[in-house]
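In listed order, ligands and their atoms are each counted from 1. For the numbers below, each heavy atom of this structure counts, side chains included, while hydrogens, waters and symmetry mates do not. Being a predicted model, the structure only gives us computed values, none of them experimental.
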Amino acid sequence: MILIAERINGMFKDVKQAIADKDKKVIQDLAKRQTQAGASYLDVNVGTAAADQQATMQWLVETIQQTCATPLCLDSQKPDVIAAGLKVANTENGIILNSTPLNKKTDDKILDRYIDMANQAGPKAGIIALTMDKNGVPQDIDTRVAIAAEIVSKAADMGFDPQRLFIDPIILPVKVPDAQAQPTNILAAMDQIKLLADPAPHMTVGLSNISQGATERSLINRIFLAMAVSHGLDSAIVDVLDEELMNVVATSEMLMNKQIYSDSFLKAYKGT
Ligand code: THG
């Protein structure tokens, strides 16, 4: 599974404080621990508090790169913030640009911009595209699939390999009133999205969204991850420092016959 580690995000108090204090140690420590825990990419999100988001993105990227070579997943819905990060990011080992909707009221061509930036960032650069358009986040299955189809078709028109494309059907917190049908809608949408191209685009989610504000967060995250893997999820933005969650990742992949069973399958997965 392509695991994107979620913790370097200004949404977390310690990271927000570290950004305000220019305290590199907090960021570098998270970068190292998440890499050690098995992250394929490190998500980098400046949060909403940073005064200058472009400069903060550059500071985070440079700070992380001083301590580890794990590929980065630049996380902003503002193309200028992504572009600023790309100016200083090492992209040889890969990079993901996270994330763009299909289009926005204020920017009809936002997906094109992310694809252009990824193309300029080299052959390994990917993008995460949200099943979201100028009308916002759809709640139903069909609109999610229709938007995903437009994203896949636009990527194909622009010569962008579907294997560099990650579709995110957008998880909302299950606790939000009237949102309890969303997890099953997302699974049903994923069943169709994986058929949109051959080879299929990757599918990813911001897993921790689902349990925001809820009790039993880790349990909710773990169970939904296992359910989604059985519907074709092959990537996720997660808390890789949650060991129980990482065991669920390894076990789901083994039960899906993507990793070989051995008596030491948990240990073996950690070595991959
Ligand atoms: N899709 C894509 N990218 C994303 C998301 C997504 N990036 C951001 C986010 N969603 C995924 N990352 C997180 C990171 C943290 C939390 C949820 C998702 C989280 N934070 C605690 C909270 O809000 O309760 C912070 C608490 C603290 O300060 O300790 O849950 O969906 N493509």
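In summary, the atoms of ligand 1 found under 4.0 Å from a heavy atom of Asn209, numbered by their order in the structure, are 6 (C), 9 (C), 10 (N), 11 (C), 17 (C), 18 (C), 31 (O). If you number the atoms of ligand 1 from 1 as listed, the ones under 4.0 Å from a heavy atom of Asn98 come out as 2 (C), 3 (N), 32 (N). For ligand 1, the atoms lying closer than 4.0 Å to a non-hydrogen atom of Met11 are 15 (C), 16 (C), 19 (C), 20 (N), 23 (O), 28 (O). Heavy-atom proximity to Lys13, at under 4.0 Å, picks out these atoms of ligand 1: 28 (O). Annotation for ligand 1: atoms under 4.0 Å from non-hydrogen atoms of Ile128 are 32 (N).
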* Could you go through the side-chain hydrogen bond (donor to acceptor under 3.5 Å, both in side chains) check for Asn98 and Asp43 one step at a time? => CA-CA 8 Å; Asn98 175 26; Asp43 195 64; 3.2 Å; yes
* Evaluate the side chain to side chain contact (heavy atoms under 4.5 Å, CB included) criterion for residues Gln212 and Arg217: first the C-alpha distance (whole Å), next the side-chain angles of each, then the deciding distance (0.1 Å), finally the verdict. => CA-CA 7 Å; Gln212 274 177 320; Arg217 289 202 65 173; 3.6 Å; yes
* For side chain to side chain contact (heavy atoms under 4.5 Å, CB included), just list the numbers for Ile193 and Val152, CA-CA rounded to whole Å, side-chain angles, deciding distance to a tenth of an Å, and then say yes or no. => CA-CA 9 Å; Ile193 291 169; Val152 168; 5.9 Å; no
* Stepwise, does the salt bridge (Lys or Arg N to Asp or Glu O under 4.0 Å) test hold for Lys194 with Asp234? -> CA-CA 10 Å; Lys194 69 182 171 208; Asp234 66 347; over 6 Å; no
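Atom 7 (N) of ligand 1 has its closest protein heavy atom at Asp75 OD2, 2.8 Å. Nearest to atom 13 (C) of ligand 1 among the protein's heavy atoms is Glu6 OE1, 3.8 Å. Scanning the protein heavy atoms around atom 17 (C) of ligand 1, the nearest turns out to be Ser208 CB, 3.5 Å. For atom 5 (C) of ligand 1, the closest non-hydrogen atom on the protein side is Gly206 CA, 4.0 Å. Ranking protein heavy atoms by distance to atom 29 (O) of ligand 1, first place goes to Phe12 CD2, 3.5 Å.
Under the rule for a salt bridge (Lys or Arg N to Asp or Glu O under 4.0 Å), the partners of Asp107 that lie at least two apart in sequence or sit in another chain are Arg113.
A 6.0 Å sphere centred on CG of Asp178 holds no more than 12 heavy atoms belonging to other residues, nucleotides or ligands.
Considering every non-hydrogen atom in both Ile170 and Ile186, the closest pair reads O-CD1, 3.3 Å.
At a 4.0 Å cut-off, not a single heavy atom of Ile170 sits close enough to ligand 1 to count as contact. Residue contact check for ligand 1: Asp168 places a non-hydrogen atom closer than 4.0 Å to it.
Residue Ile2 shares its hydrophobic cluster (ILVMFWY side chains chained together at separations under 4.5 Å) with Ile4, Tyr41, Ile96, Ile128, Phe166, Ile237.
Backbone and side-chain nitrogen or oxygen atoms of Gln212 are examined, and one is located within less than 3.5 angstrom of a nitrogen or oxygen of ligand 1.
Here the options are Asp112, Asp133, Asp108, the test is salt bridge (charged side-chain N to carboxylate O under 4.0 Å, His left out), and the partner is Lys154; only Asp112 passes.
In Arg217, the part holding a heavy atom less than 4.0 Å from any atom of ligand 1 is the side chain.
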